[in-house]
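First comes the structure, then the notes that go with it.
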Amino acid sequence: MSKQPKYRQVADALRREIDSGVYAPGARLPSESELSARFDASRNTVRSGLNLLVSQGLISSSQGLGYEVRKHEVFELNASRFEDLSFPQNGDAYSTDVTNAGRRPHQTFRVELTTANEYVAKRLKVEEGSRTVLRFCHRFVDDVPWSTQATQYPEWLIERAPRLTEPGDIDEGTTRYLGSLGIEQIGYADEIATRMPTPEEARILEIGAGVPVLLWTRTGYSSDRPIRCTITTFRGDLNRMNYEIGDLSARNENEPQ
């Protein structure tokens with residue numbers, strides 16, 4: 001006989017069935033009363049088990065509609081190729097990658113003059129509180145919120161690259177635009193972190209309870225100094241990131257025919 005509380009037994013049994021495909025993504029679970037009868041448990045106990053799965057991001061609940069298995073149409077981003085100007089691009093790197101995956105990109109923009117907080121100032125090697133240009137994107141894949149991207153450029157770039165302050169998209173992407181002005185990004189440093197979303201992040205990315213965000217900070221460098229700091233906030237349930245480093249020819253050679 002299991003020593004776990006009954007509500008955890010309910011949650012564990014349903015989790016196994018979700019993992020095995022008994023309840024596929026988008027499928028509706030049986031009602032609380034049906035689950036009460038199945039598990040010989042009170043509705044409060046069943047509800048506690050279901051709420052545990054909600055908090056873990058496996059199911060969602062809608063008033064009057066019951067519980068549904070969350071859909072996880074994951075988008076895979078190759079972070080080592082992202083912004084690689086040697087690869088053919090159709091617009092910026094985001095639009096290119098999403099389109100090449102057979103998905104539909106859409107993004108909105110906000111551009112403003114702001115100041116660098118301690119985190120950004122350290123990476124741009126400027127004084128905290130220094131003026132920067134913020135270019136903020138809210139990005140979608142197939143009309144589903146995918147990420148937000150906040151890029152700050154140091155004040156010295158404003159005069160040399162005036163389009164950075166213009167509202168809306170830069171069609172070729174900012175990295176190509178800066179390169180055309182002789183401000184070439186020759187390297188970058190990435191930092192990856194996870195945490196639970198803020199209420200604002202949960203709202204604009206439409207993140208359900210129990211789903212974390214993936215934070216990707218990329219600092220771009222010219223030959224002599226940093227030129228931008230980009231913080232991308234991804235929905236943790238819809239994204240997977242990979243890197244390809246070094247010679248990977250053996251990967252294809254060893255694949256089964």
Side-chain angles (χ1 to χ4, degrees), residues 11 15 18 25-29 47-77 79 82 92-95 97-99 101 103-121 123 132-153 165 167-170 174 190-218 228-241:
R15 185 187 298 105
I18 292 170
R28 200 165 300 284
L29 295 182
R47 190 174 298 126
S48 294
L50 291 167
N51 285 338
L52 179 59
L53 297 181
V54 170
S55 72
Q56 294 170 345
L58 289 177
I59 64 174
S60 59
S61 64
S62 300
Q63 189 168 4
L65 295 177
Y67 298 85
E68 183 179 284
V69 180
R70 290 182 62 88
K71 296 180 181 179
H72 295 277
E73 254 190 292
V74 174
F75 181 81
E76 186 164 319
L77 174 71
F82 199 73
D92 62 14
Y94 151 76
S95 297
D97 278 12
V98 175
T99 301
R103 311 283 289 275
R104 189 174 64 257
H106 167 65
Q107 54 188 328
T108 61
F109 286 87
R110 184 178 82 245
V111 180
E112 63 185 69
L113 293 177
T114 186
T115 56
N117 62 22
E118 180 183 6
Y119 182 84
V120 172
R123 283 147 187 81
T132 62
V133 179
L134 169 67
R135 296 182 62 82
F136 182 89
C137 308
H138 187 191
R139 290 175 163 169
F140 300 77
V141 174
D142 298 334
D143 296 324
V144 176
W146 179 58
S147 69
T148 62
Q149 185 180 84
T151 302
Q152 287 181 250
Y153 300 88
T165 62
D169 192 10
I170 294 177
T174 53
D190 284 2
E191 301 168 59
I192 309 294
T194 58
R195 60 166 169 76
M196 298 308 294
T198 66
E200 177 67 4
E201 289 167 344
R203 182 185 68 80
I204 63 177
L205 291 175
E206 299 179 11
I207 299 175
V211 177
V213 290
L214 172 68
L215 301 175
W216 176 27
T217 299
R218 171 166 286 187
R228 54 99 175 194
C229 177
T230 300
I231 302 173
T232 307
T233 305
F234 294 102
R235 285 179 55 155
D237 59 338
L238 297 182
N239 290 278
R240 180 166 60 245
M241 184 182 296

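This is a predicted model, so every value here is computed, not measured. In this chain, residues are counted from 1 in sequence order.
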Within-4.5 Å side-chain heavy-atom neighbours: Met196 and Thr198:
no
Student check: side-chain heavy atoms of Phe234 and Leu77 closer than 4.5 Å
yes
Could you report the tightest heavy-atom contact between Pro197 and Pro212, atom names first, then the distance?
CD-CA, 4.1 Å
Would a 4.5 Å heavy-atom cut-off, applied to side chains only, mark Thr114 and Gln152 as touching?
yes
dist Tyr67:OH -> Leu50:CG (nearest 0.5 Å) comes out at 5.0 Å
Side-chain contact test, heavy atoms from C-beta onward, threshold under 4.5 Å: evaluate it for Leu134 versus Tyr153 and give yes or no.
no
Are Glu201 and Arg235 ion-paired here, with the side-chain N under 4.0 Å from a carboxylate O?
no
Hydrogens and angles aside, do Thr230 and Arg228 bring a side-chain donor and acceptor to less than 3.5 Å of each other?
yes
Has Glu118 got more than 12 heavy atoms of other residues, nucleotides or ligands less than 6.0 Å from its CD?
no
Please round to the nearest 0.5 Å and tell me the distance separating atom CZ of Phe109 and atom CG of Asp169.
3.5 Å
Give the C-alpha distance, both sets of side-chain angles, the deciding distance and a yes or no for side-chain contact (heavy atoms from CB on, under 4.5 Å) between Arg103 and Phe75.
CA-CA 9 Å; Arg103 311 283 289 275; Phe75 181 81; 4.1 Å; yes
Separation of Arg139 CZ from Ser95 OG (nearest 0.5 Å):
7.0 Å
Return the OG1 to CD distance between Thr148 and Gln107, rounded to the nearest 0.5 Å.
12.0 Å
Donor-acceptor contact below 3.5 Å, side chain Arg218 vs main chain Ala79:
yes
Check salt bridge (Lys or Arg N to Asp or Glu O under 4.0 Å) between Arg15 and all other residues, then give those that pass, not counting sequence neighbours.
Asp12
Take Trp146 and Leu205 through the test side-chain contact (heavy atoms from CB on, under 4.5 Å) and record every step on the way to the result.
CA-CA 7 Å; Trp146 179 58; Leu205 291 175; over 6 Å; no
Applying salt bridge (Lys or Arg N to Asp or Glu O under 4.0 Å), name anything that partners Arg135, two or more places apart in sequence or on another chain.
none
CG of Asn239 to CE of Met241: how many Å apart, nearest 0.5 Å?
7.5 Å
Do the side-chain N and O atoms of Thr217 and Glu191 include a donor-acceptor pair separated by under 3.5 angstrom?
no
Find the distance between OG (Ser60) and CG (Leu53) and round it off to the nearest 0.5 Å.
11.5 Å
Do Trp216 and Asp190 touch side chain to side chain, with heavy atoms closer than 4.5 Å?
yes
Note, Leu215 side chain near Arg195 side chain (heavy atom, < 4.5 Å):
yes
Pairwise side-chain contact, Thr132 with Thr115, heavy-atom cut-off 4.5 Å (strictly under):
no
Stepwise ring-ring contact (aromatic ring centres under 6.0 Å, His included) check, His138 with Phe140
CA-CA 7 Å; His138 187 191; Phe140 300 77; 4.5 Å; yes
Shortest non-hydrogen contact from Ile231 toward Val120
CD1-CG2, 4.3 Å
Would you check if Leu214 and Thr233 make a side-chain contact, meaning some heavy-atom pair closer than 4.5 Å?
no
Take Ile18 and Ile59 through the test side-chain contact (heavy atoms from CB on, under 4.5 Å) and record every step on the way to the result.
CA-CA 9 Å; Ile18 292 170; Ile59 64 174; 3.7 Å; yes
Minimum heavy-atom separation for Gly49 to Ala11, with atom names?
O-CB, 3.6 Å
Applying side-chain hydrogen bond (donor to acceptor under 3.5 Å, both in side chains), can you list everything that pairs with Glu206, at least two apart in sequence or on another chain?
none
I'd like to know whether Val111 forms a side-chain contact (heavy atoms from CB on, under 4.5 Å) with Phe136, so could you lay out the CA-CA distance, the side-chain angles of the two residues, the decisive distance to 0.1 Å, and finally the verdict.
CA-CA 6 Å; Val111 180; Phe136 182 89; over 6 Å; no
Minimum heavy-atom separation for Val98 and Pro105, please, with both atom names.
CG1-N, 3.6 Å
Keeping the roles fixed (side chain from Asn117, backbone from Tyr119), state whether a donor-acceptor pair exists under 3.5 Å.
yes
